[in-house]
Amino acid sequence: SQEHSDGTVTLQPVKAPPIWLDLRVERISKLNNSISADGVRLGISCNEPILPLGEQGMEEKTVTANLNATATICSWQIALDAEGRKHDEATVITLSFFSSNLTKESRTLIGLTKVPFLINLTQVLQQSWLPAIATNNWYDILDPKSHTSIGKVQVLVATGMLRQIRGFAA
C-alpha cells in the first residue's frame with residue numbers, strides 16, 4: 001500500500017499464491033523394448049512455467065528400485081503460477097524416461113508420457129485441508145521415434161495450496 005499526503009491509501013494488488021502439484025509416479029510396467037528397466041532416469045517438464053520454488057534440481061530423478069514396487073517410485077512437489085489461468089485449459093506434465101546412464105551426455109531417451117489434467121482453482125481454494133486429486137490413472141509410455149506404446153506408468157497428481165500438499169499423506 002502507498003499513503004498519500006491527503007491521508008488516503010492506495011492499495012496494491014496482491015499476487016495470488018502459487019498452485020502446488022504433488023506429482024507421484026506410483027508404478028511403471030515392465031518396458032517392452034530392449035532397454036533394461038532395472039533403472040531409469042525420469043525427467044519432467046510442463047506446458048506451463050514451473051516456478052523456482054520447492055525442490056532444487058528437481059527436473060530429473062534416477063529410479064533404480066524395483067519398477068513394479070507397490071510403494072511410490074518417485075515424486076515431485078512443484079509450483080505453478082495461479083494468476084492468468086484459464087479454467088478450461090489443460091495442464092500437461094510430460095514424463096521423459098531415459099536410460100540410467102550416469103552422465104547426461106550419454107543417456108538415451110527411451111520413452112515419453114503426457115499426463116493432461118485440469119486444475120480447478122475453485123475446488124483447490126474451497127477445500128480446507130486436503131488437496132484435490134487431478135488425476136490418478138495409468139498412461140502409455142510411448143517410444144519417442146515410433147510413438148507406439150512400450151509400457152505403462154501410473155501417475156497421481158494432487159493440486160492444492162502448499163499447506164494442503166505438505167499434509168498430503170505419502
Side-chain angles (χ1 to χ4, degrees), residues 1-2 9-29 40-65 67 69-98 104 107 109-142 144 147 149-170:
S1 65
Q2 183 180 28
V9 175
T10 303
L11 298 176
Q12 300 297 320
V14 176
K15 184 166 176 58
I19 296 293
W20 284 82
L21 305 181
D22 186 324
L23 171 71
R24 299 179 187 189
V25 174
E26 300 285 351
R27 289 176 194 80
I28 301 174
S29 70
V40 295
R41 181 173 281 275
L42 293 178
I44 62 168
S45 61
C46 186
N47 66 333
E48 299 178 36
I50 296 174
L51 298 177
L53 305 170
E55 302 174 42
Q56 297 300 314
M58 58 86 185
E59 295 84 14
E60 291 188 5
K61 294 191 178 188
T62 301
V63 178
T64 55
L67 296 182
T70 57
T72 298
I73 293 172
C74 69
S75 66
W76 289 269
Q77 290 185 349
I78 60 175
L80 302 176
D81 195 350
E83 293 195 0
R85 297 192 60 81
K86 295 182 178 138
H87 292 300
D88 59 348
E89 192 171 301
T91 299
V92 180
I93 297 286
T94 301
L95 289 171
S96 302
F97 296 78
F98 299 97
K104 272 188 163 183
R107 68 182 184 185
L109 179 64
I110 58 174
L112 292 168
T113 297
K114 294 202 180 284
V115 180
F117 54 92
L118 292 173
I119 296 174
N120 184 332
L121 283 177
T122 304
Q123 184 181 14
V124 166
L125 296 172
Q126 287 179 348
Q127 291 196 21
S128 59
W129 295 108
L130 296 174
I133 302 299
T135 187
N136 185 10
N137 288 308
W138 285 90
Y139 295 91
D140 285 323
I141 302 170
L142 301 178
H147 303 287
S149 179
I150 60 168
K152 291 196 174 280
V153 59
Q154 184 183 13
V155 179
L156 180 141
V157 178
T159 62
M161 308 280 51
L162 181 58
R163 67 178 161 69
Q164 294 168 316
I165 295 299
R166 284 193 174 150
F168 191 44

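Worth saying up front: this structure is predicted, and the values here are computed from it rather than measured.
- A donor-acceptor distance shorter than 3.5 angstrom exists from the side chain of Asn47 to the backbone of Ala90, with no hydrogens or angles considered.
- For Asp140 (side chain) and Ser149 (main-chain N/O), no donor-acceptor pair under 3.5 Å exists by modelled atom type.
- Screening Ile78, Val155, Thr135 for a side chain to side chain contact (heavy atoms under 4.5 Å, CB included) involving Ile93 leaves a single residue, Ile78.
- A 4.5 Å side-chain heavy-atom check between Leu80 and Cys46 finds at least one atom pair inside the cut-off.
- We find the CD1-CD1 distance between Ile110 and Ile150 to be 5.5 Å, quoted to the nearest 0.5 Å.
- Contact of the Leu162 side chain with the Pro17 side chain is not registered, since no non-hydrogen atoms from C-beta on lie closer than 4.5 Å.
- Summarising the geometry, atom CG belonging to Leu42 is positioned 9.0 Å from atom CZ belonging to Phe98; distances are rounded to the nearest 0.5 Å.
- Between Pro116 and Val92 the shortest side-chain heavy-atom distance falls below 4.5 Å.
- Annotation: side chain of Pro144 is not in contact with side chain of Phe97 (no heavy-atom distance under 4.5 Å).
- In this structure the side chain of Ile119 reaches within 4.5 angstrom of the side chain of Leu21, judged on heavy atoms.
- The shortest non-hydrogen separation linking Ser75 to Asp22 is CB-OD1, 4.4 Å.
- To the nearest 0.5 Å, atoms CZ (Arg24) and CZ (Phe168) are separated by 4.5 Å.
- For the atom pair CZ of Arg27 and CD of Gln154, the computed distance is 5.0 Å after rounding to the nearest 0.5 Å.
- In this structure, the separation between OG1 on Thr113 and NZ on Lys152 is 9.5 Å, given to the nearest 0.5 Å.
- Nearest heavy-atom pair, Ile19 versus Met161, reported as atom, atom and distance to 0.1 Å: CD1-CE, 4.0 Å.
- Rounded to the nearest 0.5 Å, atoms CG (Leu112) and CD1 (Ile141) are 10.0 Å apart.
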